[in-house]
Amino acid sequence: MQLSQQQLEEIKQFVLRKGFVYLDVQMEIIDHVASAIEERMEADSKLDFSRALQETYSNFGILGFSTIADAVTNGLNKKYNRFFWRTFRSFFSYKYAFLLVLGGLLAYQAQLLLIDNGWWLVVFTVTMLLEIVITFIRKFSSEKLGQYLSFRLSGAYFALQGAFLFVVLLSKPYIEFVDSFSGLYLTIAILSLFLVLYIVYLLAAYKTMNFGRAESRELMKKHRYLNE
């Protein structure tokens, strides 16, 4: 049998009362519960909807709908991890080789030019500006998309901003007083490599967030369609 729109709304409110606020998680739970209720009511024509709902919930055991929510979360984490690292590795293919080398050289020369003029302050400022821009983008998008776990998880890769800043500040005294070796400042070269890796990391994180944003928008369309 097919559940009515009102019955589906009752399931939604039931799920919401259990504390599951993300819409994509709700949709997955509702789909499982609705299918189970339909099977129960088809098997027993005398079983009313409310009773079928309670029996279905009891059948999930002591953890309730958390088993579905955890499965959704783990599935999304695995998907975005695969996408992120695949994107990250793609930047080290031959077509980006020139840009990577150029980026490393520019980072190295910039540090040499700024080594006596507060280079770390420049890096700190740029990092903070990036943090502000990223926060603004996520905040602007999260007005509606923030209701979806897919969007939240796909944007979580920007959490290492603080770790990068910590490494920069930690390396400050070692760079400012280091001697060159055959004309090469090894510590500065290492940090230049780190800066390039960090930029690649940010690009991969941004692409992952865009991937999650696109998926969340599709889910939003589906959610609107189901509620029409």
Side-chain angles (χ1 to χ4, degrees), residues 1-88 134-135 137-160 162 204-228:
M1 63 169 295
Q2 186 76 28
L3 296 180
S4 67
Q5 193 64 40
Q6 181 181 351
Q7 289 171 327
L8 290 173
E9 181 61 28
E10 286 185 43
I11 297 175
K12 178 182 177 181
Q13 293 303 318
F14 184 83
V15 172
L16 192 58
R17 287 195 298 272
K18 296 300 180 182
F20 301 96
V21 295
Y22 290 115
L23 295 182
D24 41 358
V25 176
Q26 287 181 17
M27 290 166 66
E28 193 69 28
I29 295 174
I30 291 169
D31 183 59
H32 279 75
V33 173
S35 297
I37 290 175
E38 288 173 354
E39 289 178 5
R40 286 177 180 276
M41 294 181 71
E42 284 177 359
D44 185 356
S45 58
K46 295 181 180 180
L47 185 65
D48 61 43
F49 171 77
S50 297
R51 180 66 179 170
L53 175 57
Q54 291 298 331
E55 287 183 1
T56 299
Y57 179 68
S58 299
N59 201 46
F60 279 96
I62 191 171
L63 296 177
F65 298 142
S66 295
T67 52
I68 300 177
D70 289 344
V72 172
T73 302
N74 291 335
L76 288 173
N77 274 324
K78 288 179 181 178
K79 177 167 65 174
Y80 292 132
N81 275 332
R82 284 196 300 268
F83 182 88
F84 173 83
W85 289 113
R86 185 170 64 247
T87 304
F88 183 84
I134 291 166
T135 302
I137 292 173
R138 294 191 65 192
K139 187 69 176 177
F140 180 77
S141 300
S142 66
E143 184 176 348
K144 293 181 178 179
L145 298 181
Q147 302 174 81
Y148 294 87
L149 183 63
S150 53
F151 177 74
R152 294 287 185 180
L153 293 179
S154 64
Y157 296 91
F158 287 110
L160 286 182
Y206 182 74
K207 284 197 166 191
T208 304
M209 185 179 70
N210 273 345
F211 176 59
R213 183 189 301 173
E215 287 201 323
S216 298
R217 283 176 176 161
E218 288 300 315
L219 287 170
M220 184 184 293
K221 291 177 184 177
K222 181 180 178 181
H223 184 260
R224 286 174 179 170
Y225 173 78
L226 293 174
N227 285 274
E228 286 180 352

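The residues of the chain are indexed from 1 along the displayed sequence. These numbers come from the heavy atoms of this one structure, side chains and all, not from hydrogens, waters or symmetry mates. If you're wondering where the values come from, they're calculated on a predicted model, not measured in any experiment.
- Minimum interatomic distance between L153 and T73 (heavy atoms only, all atoms of both residues): CD1-O, 4.1 Å.
- Judged by distance alone, the side chains of Q5 and E9 never bring a donor and an acceptor atom under 3.5 Å apart.
- The shortest distance between side-chain heavy atoms of D70 and L63 does not fall below 4.5 Å.
- Heavy atoms from other residues, nucleotides or ligands lying under 6.0 Å from CD of Q6 number 12 at most.
- With D24 contributing its side chain and L219 its backbone, the two residues share no donor-acceptor pair below 3.5 Å.
- A donor-acceptor contact shorter than 3.5 Å is absent between the side chain of Q26 and the backbone of L16.
- Looking at heavy atoms from C-beta onward, E215 lies in side-chain contact with Y80 at the 4.5 angstrom threshold.
- Aromatic ring centres of F65 and Y57: separated by under 6.0 Å.
- Nearest heavy atom pair, residue D31 against residue S35, reads O-OG, 3.0 Å.
- Ring geometry for F88 against F84 counts as parallel: the plane angle stays under 30°, on a 0 to 90° scale with 60° as the upper cut.
- In this structure, Q7 and L53 have side chains that are not in contact, with every pair of non-hydrogen atoms separated by 4.5 Å or more.
- In terms of heavy-atom proximity, V25 sits nearest to A69 at CG1-CB, 3.8 Å.
- N59 is listed as a side-chain neighbour of R40, based on a closest heavy-atom distance under 4.5 Å.
- Between the CD1 atom in I29 and the CZ atom in F14 there is a gap of 10.5 Å [rounded to 0.5 Å].
- Across all non-hydrogen atoms, the minimal contact from D48 to M41 is C-CE, 4.2 Å.
- The OG atom of S150 sits 11.5 Å away from atom CZ of R217, with the distance rounded to the nearest 0.5 Å.
- Listed by chain and number, the residues in a side-chain hydrogen bond (donor to acceptor under 3.5 Å, both in side chains) with N81 are Y157 (sequence neighbours excluded).
- Judged by distance alone, the side chain of S216 and the main-chain N or O of F151 form a donor-acceptor pair under 3.5 Å.
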